[in-house]
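Here's the structure we're looking at; comments come further down.
Note on naming: letters A, B, ... go to the chains in the order of the sequence lines (proteins, then strands), and numbering restarts at 1 for each one. Predicted model only: the values in this text are computed from it and were never measured.
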Amino acid sequence: MKKITEFEKLVYAATKKIPRGRVSTYQEIARAIGKPKSARAVGNALGKNPFAPKVPCHRVVKSTGEVGGFLNGTFEKMKLLKKEGVLNLGGRVVSLDHKLYVFR
DNA sequence: AGACTGACATACC
DNA sequence: CGGTATGCCAGTC
């Protein structure tokens with residue numbers, strides 16, 4: 001069904017680029033697609049997440065270093081993140097500046 | 001078909 | 001810490 005827009009395509013493409021063991025923020029993704037003010041729109045697109053496991057929205061965190069809204073029922077994925085050493089107990093990112101993946 | 005409102009996982013003041 | 005500003009989407013009228 002691919003009912004996605006060009007904007008979402010960019011968001012998913014950027015999110016998919018996140019390597020394992022790394023995380024990114026909505027702000028970074030928004031900036032990566034050329035709309036640094038669209039962090040919310042990024043979240044909106046990821047929230048739909050038609051590419052569920054393809055687009056690791058669980059690997060995208062808030063700009064504050066918190067894990068983000070995927071905790072809302074998807075917290076099982078958080079375990080995987082912890083396994084990758086990205087998250088810390090309590091749903092916090094381990095040194096965001098150290099794990100943050102920046103699009104270039 | 002066109003316009004408005006609500007919702008969303010942020011950012012800024 | 002709280003309210004306002006911003007961007008995109010979806011549903012509704």
Side-chain angles (χ1 to χ4, degrees):
Chain A
M1 310 262 280
K2 286 210 287 216
K3 300 176 213 197
I4 64 174
T5 63
E6 295 297 310
F7 177 82
E8 289 180 346
K9 242 194 291 187
L10 295 172
V11 174
Y12 303 135
T15 306
K16 283 192 311 193
K17 285 184 195 164
I18 303 174
R20 176 188 161 288
R22 283 262 168 103
V23 292
S24 187
T25 67
Y26 298 103
Q27 171 79 80
E28 275 306 313
I29 294 172
R31 183 175 293 186
I33 63 181
K35 295 172 194 309
K37 302 264 210 212
S38 312
R40 307 177 88 187
V42 173
N44 208 1
L46 287 177
K48 298 164 184 218
N49 205 353
F51 295 92
K54 211 160 178 40
V55 177
C57 61
H58 53 270
R59 217 173 260 163
V60 183
V61 299
K62 293 191 165 192
S63 308
T64 54
E66 301 177 76
V67 273
F70 63 83
L71 282 175
N72 185 31
T74 326
F75 89 104
E76 295 217 19
K77 303 205 168 179
M78 190 167 74
K79 285 201 282 195
L80 293 176
L81 285 178
K82 286 206 275 193
K83 218 172 157 174
E84 295 186 1
V86 177
L87 285 189
N88 194 353
L89 296 178
R92 254 325 194 211
V93 177
V94 179
S95 301
L96 184 62
D97 290 313
H98 186 272
K99 296 285 187 190
L100 181 62
Y101 175 76
V102 187
F103 297 93
R104 27 192 5 194

Does any part of the side chain of R59(A), heavy atoms only, come nearer than 4.5 Å to the side chain of S24(A), both counted from C-beta? no
Can you give me the closest heavy-atom contact between E8(A) and A45(A), atom names plus distance? CG-CB, 3.6 Å
Is the shortest side-chain heavy-atom distance between L46(A) and Y12(A) below 4.5 Å? yes
Value for OG1 (T15(A)) from CG (L10(A)), rounded to nearest 0.5 Å, stands at 10.5 Å
Report the distance from atom OH of Y26(A) to atom C1' of dA7(B), rounded to the nearest whole Å. 15 Å
Can you measure from CZ (R22(A)) to NE2 (H98(A)) and round to the nearest 0.5 angstrom? 7.5 Å
Heavy-atom pair with the smallest gap, counting every atom of P56(A) and K16(A): CD-CA, 4.3 Å
Given the options V55(A), V23(A), V60(A), I18(A) meets side-chain contact (heavy atoms from CB on, under 4.5 Å) only with V60(A)
Whole Å only: how far is the NZ atom of K9(A) from the P atom of dC9(C)? 12 Å
Which dot-bracket notation, 5' to 3', represents the base pairing of DNA chain B when pairs are defined as Watson-Crick or G-U with both distances under 3.5 Å, crossing pairs as [ ], and inter-strand pairs as |? .|||||.|.||||
Restricting both atoms to N or O, compile the protein contacts to nucleotides 3-8 of chain C shorter than 3.5 Å, with distance only.
{"unit_1": "dA5(C)", "atom_1": "N6", "unit_2": "R40(A)", "atom_2": "NH1", "d": "3.3"}
{"unit_1": "dA5(C)", "atom_1": "N1", "unit_2": "R40(A)", "atom_2": "NH1", "d": "3.3"}
{"unit_1": "dT6(C)", "atom_1": "N3", "unit_2": "R40(A)", "atom_2": "NH1", "d": "2.5"}
{"unit_1": "dT6(C)", "atom_1": "O4", "unit_2": "R40(A)", "atom_2": "NH1", "d": "2.7"}
{"unit_1": "dG7(C)", "atom_1": "O3'", "unit_2": "S38(A)", "atom_2": "OG", "d": "3.1"}
{"unit_1": "dG7(C)", "atom_1": "N2", "unit_2": "R40(A)", "atom_2": "O", "d": "3.4"}
{"unit_1": "dG7(C)", "atom_1": "N2", "unit_2": "A41(A)", "atom_2": "N", "d": "3.1"}
{"unit_1": "dC8(C)", "atom_1": "OP1", "unit_2": "K35(A)", "atom_2": "NZ", "d": "3.4"}
{"unit_1": "dC8(C)", "atom_1": "O2", "unit_2": "N44(A)", "atom_2": "ND2", "d": "2.9"}

Run the ring pair (Phe, Tyr, Trp, His ring centres under 6.0 Å) test against Y101(A) and tell me which residues pass, sequence neighbours left out. F103(A)
